[in-house]
Number of protein chains: 2
Amino acid sequence: MQNSLKTIFPNFSNELIATIEENGSLQDFEAGTILMRTGQYIKNTALITKGKIKIYRQGEDGGEFLLYYLQPGQACAISMICTAKSEKSQIMAKVVEDVSVMMIPLQSMDKWMMEHRSWYEFVIETYRSRFEEVLEVVDNIAFRSMDERLEFYLKRHSDACGCSEVNLSHQEIATELNTSREVVSRLLKKMEQRGLVKLNRNQIELLK
Amino acid sequence: MQNSLKTIFPNFSNELIATIEENGSLQDFEAGTILMRTGQYIKNTALITKGKIKIYRQGEDGGEFLLYYLQPGQACAISMICTAKSEKSQIMAKVVEDVSVMMIPLQSMDKWMMEHRSWYEFVIETYRSRFEEVLEVVDNIAFRSMDERLEFYLKRHSDACGCSEVNLSHQEIATELNTSREVVSRLLKKMEQRGLVKLNRNQIELLK
DNA sequence: ATCCTTCTGTGATAAATGTTACTGTAGGAT
DNA sequence: ATCCTACAGTAACATTTATCACAGAAGGAT
């Protein structure tokens, strides 16, 4: 166990790893679980050690706009930020591939900042990288049209799963881009005609 | 001077205030100055003590999408984040009302995190509030149409300047919303018909 | 096989936004 | 006053995106 945490978070000092194992609790969640809801109070920070999580921003009308993925070796920046103030969550987190997460209680998260240099650096780096990802999201919706956003979405999905097949229905994709199923179907068809993808039922193969 | 810093940043400890005055340098910039460009390396963190700054995200095509305002008592989260890694700026900062900023060198910024609890808390709170503001921006462009976004833009402007007049041309507003001048003119005209604003040359009066 | 549900494709149409083109007006510079 | 430039209004049209309507195909359940 000690070995695996060290493998997933190679920059953590040995003392930090030991402290985490002492204070954190490793929990498993199945794909589909909602780990966090908009408006919920946050009591923990989660370090992902296995699986994948998607982070969404929810609209009042029930839209679920995809912000980014969380993968092993990463942590939820929002939970860190909110934890520090025990604030409400501004986002929704959904498990998309069975995960194991190390739950770190609020107080430890804050305490370690002063005690463990490698924890401090990890937290700062988490803030930075998540901030940049959200800025990239802003770029996409502010400057690009739906066809480019769809291509970006598919690319990000394949990067996240490390494969070239996207096993999602058009409806699911549409929801995460906050558009309609028909628009996604049409744009995908055009991409197929351009030779960028091959369309199957519940699956999109990326060809380039 | 000590008095005024303490007034603007009331949560800073007296020791921290003293340290800032020792290590920082107070600089003035006129309205219109570009304080930071996309792609520039960041060497300082800036604490705003007077005036106003607007933070933009730039598109490849030269668009300048408004993210948020910075006001006295606030600091540039991005510069803090990037500073910590001496990374390139992902944003552009423009002075919109003559500012005084306290420039904090890279090393100090990092060092104080361990030495001054009130600095640590300020930095964390800065991350949190800027992150939330960017998420609100995402909400606007992901879930809302241009008329709602325009209303939000005007409201935010008047909140920032503390007055009910927006002294900007339609073109300037269009640029910051990444749309065209005609669209802004049309939507403003509709708002005028609905009794929400009164339109003058280079000025929009908010009525409600 | 038959039924049923979900997923996909596509046309028709509507609405929102972007573009082009032109007009008039306000205010500064001379 | 006259000229010039930036700003604002608006019509006409193009493009993009959203919505409605419907048809057919895939795959699971019985």
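Below, chain A is the first sequence line, B the second, and so on; all start at residue 1. What you see below is based on every heavy atom in this structure, not just the backbone, and it leaves out hydrogens, waters and symmetry mates. Predicted, not measured: the structure shown is a model, and the values here were computed from it.
Between C:dA12, C:dG9, C:dG18, one nucleotide has an atom nearer to the side chain of B:Arg186 than all others, and that is C:dG18. For B:Arg201, counting side-chain heavy atoms from C-beta on, the closest listed nucleotide (C:dG11, C:dT17, C:dG27) is C:dG27.
Across the protein-nucleic acid pair, A:Lys189 atom NZ and C:dT8 atom C1' stand 8 Å apart, rounded to whole Å. In this structure, the CD atom of A:Glu192 is 11 Å from the C1' atom of C:dT8, given to the nearest Å. Whole-Å rounding puts the A:Lys190 NZ to C:dG11 P distance at 12 Å. Atom CG in B:Asn202 sits about 13 Å away from atom C1' in C:dG28, given to the nearest Å. Put simply, CZ on B:Arg149 is 15 Å from P on C:dA16, counting in whole angstrom units. Counting to the nearest Å, the P atom of C:dA12 and the CD atom of A:Glu182 are 15 Å from each other. Counting to the nearest Å, the C1' atom of C:dG27 and the CD atom of B:Gln203 are 15 Å from each other. Rounding to whole angstrom units, CE of residue A:Met146 and C1' of C:dA16 are separated by 13 Å.
By the 30° and 60° cut-offs, the orientation of the rings of A:Tyr127 relative to B:Tyr127 is tilted. Ring pair A:Phe12/A:Phe9 is parallel by interplanar angle, where below 30° counts as parallel and above 60° as perpendicular.
Remark: B:Arg156 fails to qualify as a cation-pi partner of B:Tyr69 under the 6.0 Å distance and 45° angle criteria applied to the six-membered ring.
With the nearest nucleotide of DNA chain C identified for both A:Glu172 and B:Val183, A:Glu172 has the one nearer the 5' end. In terms of position on DNA chain D, the residue among B:Leu199 and A:Arg181 whose nearest nucleotide sits closer to the 5' end is B:Leu199.
Between the B:Ser100 side chain and the B:Lys50 main chain, no donor and acceptor come within less than 3.5 Å of each other. The backbone N or O of A:Leu106 lies less than 3.5 Å from no partner atom in the side chain of A:Asp110, so there is not a single donor-acceptor pair. Side-chain atoms of A:Asp98 do not come within 3.5 Å of backbone N or O of A:Glu30 as any donor-acceptor pair.
Among the heavy atoms of the strands lying under 4.0 Å from A:Ser180 is at least one base atom, whether or not backbone atoms are also near. At the heavy-atom level, B:Asp147 lies nowhere under 4.0 Å from the strands shown.
Note: A:Ile53 CD1 to A:Met36 CE = 8.5 Å, rounded to the nearest 0.5 Å.
Remark: B:Thr179 is in phosphate contact with C:dG18, judged by side-chain N or O atoms under 4.0 Å from OP1 or OP2.
Between chain A and DNA chain D, the heavy-atom contact criterion of under 4.0 Å yields a 5' to 3' nucleotide range of D:dT17 to D:dG27.
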